[in-house]
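Written below as structure tokens is the structure these notes are about.
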Amino acid sequence: MQEKPVTILAIESSCDDTSAAVMRDGVLLSNVTASQAVHEAYGGVVPELASRAHQQNILPVVDQALARAGVAKADLSAVGVTLGPGLMGSLLVGVSFAKGMAIGLGIPLVEANHLQGHILANFIRAEGDDHTPPPFPFLCLLVSGGNTAIVRVDAPDSFTMLGQTIDDAAGEAMDKCAKVMGLGYPGGPIIDRLARQGNPDAFTFARPHAHGLDFSFSGLKTSFLYFLRDALKTDPDFIQNHKADLAASLEKTIVTMLMRGLDKAVKETGIRHVALAGGVSANTALRAAFEQRRDKAGWTVYVPRFSYTTDNAAMIAMVAHFKYLKGEFCPLDKPAFSRTVI
Ligand code: KG4
């Protein structure tokens, strides 16, 4: 008799994207995400608005994910969900919905850590993909709006934090500097686009060092702010006249700081399989730095598909798939958590 396939519905609602995905036997069948434009007017995510939008989006997003996958609720083996870290009000929408579905369908709930999800995005494979996942052990540079970390991964469920930011995340620093320049939100993709036309060596900003493999970006943010404040005194149109050079120089500073840490981690661990994860991994200069290490330093590099780098439920399905295979289920009374842990 043929074994029943493992079919997982996964839900992600930790910040401002409501996402649902269906995965069967480790192969992604669908991944549907509703983003929330409501935050653009505020230059950042407004938690209360995010929770409300998740409430409106969650049912249609889950329905669409099941429909696109051609999977009926009765065929599901488990429901996977991001339990944290994230915004509590946002998490509660997804977690409560997932618990309700698991109870209603009489199937297990599987919890996923959002950060582990970003890392395991490197393992997502859809039908027909010729994707090669990293072998264990590998190092992962996790760079998103909320986190910046270097993680050693020894197995799908074995993560060791080697270093992390002691203040702002890299994406946050980019978004905040973009805001100071009067660019839109999120600033990361705008900086990336502008930087293509600018000179990365036009300006220099502080590149603070933190202890060991940790990062610190708040000093850079302050240095950028003071630099603009002084420049605007003599030329009120300074930002307008030097937008592309500012973007390119800022981007170079952040990428240099990230790669400085990663180079050190590769040297210390001797691990040359290096993966990238999180929203900032969409950045052109960062991807180019990875390619440069591949070509010049003999690293084997792994970069997830663009659509799996920002918040999505496909990565949560990947975490849930590995946990399901080990029989690791989540008690229904386990609460969501907001703190960053891995
Ligand atoms: O992973 P993500 O979607 O959300 C978190 O879990 O935090 O990452 C969002 C971050 C934002 O800071 C955004 O500005 C940044 O990723 N980002 C980029 C690019 N695309 C998104 N930063 C630099 N270059 C990009 N192309």
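Side-chain atoms are counted along with the backbone in the values below, which use heavy atoms only and exclude waters and symmetry mates. We count ligands from 1, going down the list as the structure has it; atoms in each ligand are counted the same way.
No side-chain donor from either of T82 and H114 sits under 3.5 Å from a side-chain acceptor of the other. T33 and D17 share no side-chain donor-acceptor pair at under 3.5 Å. For the residue pair Y302 / H273, a side-chain donor-acceptor distance below 3.5 Å is found, with atom types taken as modelled.
Under the ring pair (Phe, Tyr, Trp, His ring centres under 6.0 Å) criterion, no residue pair touches residues 47-97, with sequence neighbours excluded.
Near ligand 1, heavy-atom contacts under 4.0 Å come from H114, H118, S144, G145, G146, G171, M174, D175, P186, G188, P189, D192, G278, G279, V280, A282, N283, T309, T310, D311.
In this structure, the salt bridge (Lys or Arg N to Asp or Glu O under 4.0 Å) partners of D154, at least two apart in sequence or on a different chain, are R152.
Its side chain within the 4.5 Å cluster rule, F329 clusters with V6, I8, V110, Y324, L325 among the Ile, Leu, Val, Met, Phe, Trp and Tyr residues.
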